[in-house]
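What follows is one structure encoded as structure tokens, with my remarks underneath.
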Amino acid sequence: MPHSSGDHPPFPTRADADTRMGAAAVPARGGGSGIAARAQAAMRPAAAPAPYLNGLNPEQRLAVESLDGPVLVLAGAGTGKTRVLTTRIGHILASGRAYPSQILAVTFTNKAAREMKERVGQLIGEGAEGMPWLGTFHSICVKILRRHAELVGLKSGFSILDTDDQIRLIKQIIQAEGLDDKRWTARAFASLLDGWKNRGLTPDQVPEGEARAFANGRGRSLYEQYQERLSILNAADFGDLLLHVITLFKQHGDILKEYQRRFAYMLVDEYQDTNIAQYLFLRLLAQGNTNICCVGDDDQSIYGWRGAEVDNILRFEHDFPGARVIRLERNYRSTRHILAAASHLIAHNEGRLGKTLFTDVVDEAEEDMPVTVAAVWDSEEEARAIGDEVEALQAKGHSLESMAILVRASFQMREFEDRFVTLGVNYRVIGGPRFYERMEIRDAMAYFRCVVQPADDLAFERIVNTPKRGLGDASLKLVHAYARANRIPLMQAAQDLCHTEELRPKARNTLRNLLADFDRWRDQLASGMSHTDLAEIVLDESGYTEMWRADRSAEAPGRLDNLKELIRSMDEFESMTGFLEHVSLVMDRDGQAEGEKISLMTLHSAKGLEFDTVFLPGWEEGLFPHQRAVDESGRAGLEEERRLAYVGITRARRRAKIWFASNRRIHGMWQSTIPSRFLDELPADHVEVQEPSRSYGGYGGSGYGASRFDTSDPFQSSYSTPGWKRAQRAAGSGAAGGSGGGFAGRMGSDERRKTGGPRTIEGELVAKSVADEPSAFNIGERVFHLKFGYGAITGIEGNKLTIQFEKAGRKKVLDSFVERH
DNA sequence: CAGTAGGCACTTTTT
DNA sequence: GTGCCTACTG
């Protein structure tokens with residue numbers, strides 16, 4: 001369908017209005033009933049161009065209308081990506097090209113799936129139910145697998161293991177192999193396994209070298225045993241959901257063909273986050289039908305560490321011959337300063353497709369604010385200063401909802417929480433442990449699983465002695481051995497053992513009672529009791545609720561609340577089984593929106609969100625970019641950190657405020673830090689360096705730190721002057737003053753550490769936390785420390801010193817941060 | 001078998 | 001500094 005350039009306004013006002021109005025912490029919603037009505041109108045036969053296309057800019061429109069063949073939409077931050085996706089679906093439907101059931105639309109998270117469902121629903125004017133194949137990779141794969149489970153060695157009712165179950169299962173296998181489970185931890189193997197599955201590797205496909213590297217060459221055999229156990233348990237882990245489908249497609253061409261035929265159009269959101277397995281899945285389907293549209297932003301790929309392959313998006317044109325690449329570069333979210341800062345920063349990455357974002361967004365209410373960078377003495381002052389700014393903005397009438405603090409690592413959150421509690425500022429932490437990952441919820445779920453699936457060994461193990469019933473290791477070992485010997489589920493083994501003399505009478509009795517309980521609950525469920533009532537009965541009669549009621553700890557009441565909430569949420573499901581399936585796939589819970597609050601989260605969980613004001617604390621070498629990312633992944637790691645910085649800045653609509661501290665407590669020890677290299681990479685024209693506040697120097701301005709600090713770090717003193725960039729570069733090549741640690745070659749090559757010598761790669765600035773040599777200091781020596789001043793050494797462990805400071809009290813510090821006096 | 005003390009490690013997180 | 005896991009002891 002040819003499109004003329006005259007039938008839409010040059011500047012799409014709708015999306016613009018959306019970003020301007022929304023103060024809420026959610027992506028701008030597109031359209032309302034108006035669009036729905038227009039979409040419906042569009043479905044009537046008419047010669048006029050479909051009205052739902054009206055608000056789109058030329059590139060967006062092209063992306064919506066290029067329906068045939070592979071399309072890659074490179075959508076920069078804030079360029080209306082979701083809108084394109086949903087409108088494209090609407091367009092496919094409205095133009096009568098396919099039925100809703102013929103469209104495969106995959107997202108990464110349940111949240112994204114939900115949002116898309118909602119928006120498509122609005123667009124086409126009907127409930128979300130019309131799109132059975134809109135969902136996450138995992139939920140779609142489960143749907144496919146349930147139909148063909150037998151072909152991959154499962155039964156259709158297979159259960160899905162969560163990470164917890166997975167770890168416990170691996171631990172059992174490692175122990176059964178007689179391996180040292182401290183040297184070869186279950187956690188380590190789990191992540192190895194995860195990596196393999198992310199790459200679509202079945203046990204026989206794991207490269208020899210990698211398989212050998214674990215447990216003295218037994219990696220492959222462990223993987224095989226693990227899969228065998230899963231098959232016996234009739235269970236699959238998250239990785240399997242994709243892997244099994246890939247195997248299924250590869251081994252059964254007829255089935256693959258069926259799905260290729262079924263999916264007339266395929267859409268993929270956040271393509272830069274796909275891993276190899278997901279890529280293979282798409283690739284197999286796209287072999288029969290090339291109408292695949294992937295939307296993503298290579299600059300926002302921040303999940304490489306969990307298997308995402310930026311390469312998937314970088315290689316798209318190669319992988320899908322004849323692909324059309326459409327760039328969305330008009331940004332509807334941020335002011336020019338924010339966009340310029342982000343673009344300039346990300347331009348330092350090499351491995352990218354390259355986009356040039358531009359914007360017309362202006363903040364009329366205030367003068368166009370440059371991105372600000374502010375220096376503070378330590379993390380405490382950072383929290384104090386940001387708290388002050390939050391209150392100042394609030395006083396000017398800005399809502400807390402429009403602000404967010406984005407940190408690199410969750411340990412940074414605590415100080416802000418403390419500060420907000422003190423100030424009485426309402427805050428909300430986004431991310432963190434999910435509802436269904438809480439201990440009490442998992443325990444409760446395990447009870448339910450045992451009722452529904454008597455063969456669910458992992459669930460049974462979890463609750464057999466929770467609450468404490470006196471069924472300890474000894475008794476459990478017997479049950480285990482018996483179950484394994486007879487290849488039967490644990491519960492059945494327990495049943496059998498109750499009729500023998502092997503168990504101690506007390507344990508036997510307890511066990512018999514527990515099994516009788518489960519039998520009774522099963523009967524009740526079978527005889528028509530509602531699953532919510534049963535759930536309540538199970539938790540009460542098992543003594544589980546009582547356990548928490550009797551618990552005196554602070555969390556106990558909250559846990560009881562969570563259990564109530566769990567039971568309440570079961571109402572929405574038809575059966576216990578339906579509920580369990582939902583929970584294993586949808587591990588999140590929305591809600592908690594009440595009240596006006598500032599949001600506190602990691603940079604990772606901020607992706608996809610936007611706020612008027614974004615605070616970005618902790619821009620220091622070692623923390624951001626994180627030392628470990630650089631150490632473990634070299635240049636690639638650094639580039640991913642930079643993308644994270646890009647994501648952080650581009651979350652801001654109006655104000656982006658960056659902070660760095662000169663001192664931070666890491667692993668319980670105070671360390672001097674220097675500003676992040678990312679600060680160097682911001683364009684001076686769009687950045688304003690804030691003068692250090694009066695409190696700079698900490699300790700009530702006693703001054704002993706500040707004066708010393710100024711002279712000891714050339715970069716610091718010059719940061720607030722126009723020549724700050726040059727000054728910092730000078731600091732890079734010259735002496736690093738007393739701030740400790742070698743400062744070798746900022747932005748060096750990505751070569752791994754040279755053999756021998758101290759670790760000084762890529763501007764290693766965080767001192768080593770392990771001692772290579774005995775400390776040069778002695779107990780009793782008088783020393784000087786930048787942050788704490790003078791003190792005497794009272795203890796030494798390697799390079800860690802315990803010092804009694806004259807003003808600051810007793811602290812543990814690294815020896816490289818003090819000097820003799 | 002259960003409660004407690006010392007040891008260790010500690011980025012990011014979805015399904 | 002703190003939380004979590006393990007090993008020891010009552």
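Lettering follows sequence order; numbering is per chain, from 1.
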In this structure, how many angstroms lie between the P atom of dC5(C) and the CZ atom of Arg168(A), rounded?
12 Å

Report yes or no: is the ring centroid of Phe411(A) under 5.5 Å from the six-membered base ring centroid of dC10(B), with the two planes under 30 degrees?
no

Here the distance between atom P of dT12(B) and atom OH of Tyr303(A), to the nearest Å, is 11 Å

Between His626(A) and Leu471(A), which residue's closest nucleotide on DNA chain B lies nearer the 5′ terminus?
Leu471(A)

Starting from C1' on dG1(C), measure out to CZ on Arg664(A) and report it in whole angstrom.
15 Å

For Asp237(A), which contact category applies under a 4.0 Å heavy-atom criterion: base, sugar-phosphate, or nothing?
nothing

Rounded to the nearest 0.5 Å, what separation is found between the CG atom of Leu406(A) and the CG atom of Leu603(A)?
5.5 Å

Sugar-phosphate only, base, or nothing, as touched by Gln278(A) at under 4.0 Å among non-hydrogen atoms:
nothing

By nearest atom, which of the nucleotides dT12(B), dT11(B), dT15(B) is closest to the Thr109(A) side chain?
dT15(B)

Have a look at Arg414(A) and say if it touches a base, only the backbone sugar-phosphate, or nothing, with a 4.0 Å heavy-atom cut-off.
sugar-phosphate

As a test of reading the structure: which of dA2(B), dT15(B), dT11(B) is closest to the side chain of Ala409(A), going by heavy atoms?
dT11(B)

Regarding Arg306(A) and the six-membered ring of Tyr303(A), is the cationic atom NZ or CZ under 6.0 Å from the ring centre and inside 45° of its axis?
yes

On the 0 to 90° scale, with breaks at 30° and 60°, tag the Phe281(A)-Phe137(A) ring pair as parallel, tilted or perpendicular.
perpendicular

Atom-to-atom span, CD1 of Ile666(A) to P of dA9(B) - whole angstrom
18 Å

Please classify the nucleic acid contact of Lys171(A) as base, sugar-phosphate, or nothing, using heavy-atom distances under 4.0 Å.
sugar-phosphate

Looking at Thr602(A), I'd like to know whether one of its side-chain N or O atoms comes within less than 4.0 Å of OP1 or OP2 on dT13(B).
yes

Going by centres under 5.5 angstrom and planes under 30 degrees, do the aromatic ring of His667(A) and the base ring of dC10(B) stack?
yes

Regarding dT12(B), can its base be found pairing with the side chain of Arg628(A) as donor and acceptor, where the two atoms are less than 3.5 Å apart?
no

If you check every side-chain atom of Lys182(A), which of dT11(B), dA7(C), dT13(B) has the closest atom?
dA7(C)

Starting from P on dT12(B), measure out to CD1 on Ile302(A) and report it in whole angstrom.
13 Å

Nucleotide nearest Arg306(A) (side chain, heavy atoms from C-beta), chosen from dT13(B), dT11(B), dT15(B):
dT13(B)

Donor-acceptor side-chain pairing of Arg428(A) and Ser599(A) below 3.5 angstrom:
yes

Between Asn663(A) (CG) and dG1(C) (C1'), how many Å, whole number?
17 Å

Tell me what Ala474(A) touches on the nucleic acid: a base, only sugar-phosphate, or nothing, going by heavy atoms under 4.0 Å.
sugar-phosphate

Pick the closest DNA chain B nucleotide for Ser605(A) and for Ser475(A) by heavy atoms, then say which residue is nearer the 5' end.
Ser475(A)

Between dT12(B) (C1') and Glu641(A) (CD): distance, integer Å
8 Å

How many whole angstroms separate atom NZ of Lys468(A) from atom P of dG3(B)?
6 Å

Can Glu415(A) and Ser379(A) be counted as having a side-chain donor-acceptor contact under 3.5 angstrom?
yes

Within the structure shown, what part of the strands sits under 4.0 Å from Asn465(A) by heavy-atom distance: base, sugar-phosphate, or nothing?
sugar-phosphate

Does Phe158(A) have Arg146(A) sitting over its ring (NZ/CZ under 6.0 Å from centre, angle to axis within 45°)?
yes

At 4.0 Å (heavy atoms only), tell me whether Gly472(A) reaches a base, stays on the sugar-phosphate, or touches nothing.
sugar-phosphate

Can you tell me which nucleotide in dC10(B), dT15(B), dT12(B) comes closest to the side chain of Leu585(A)?
dT15(B)

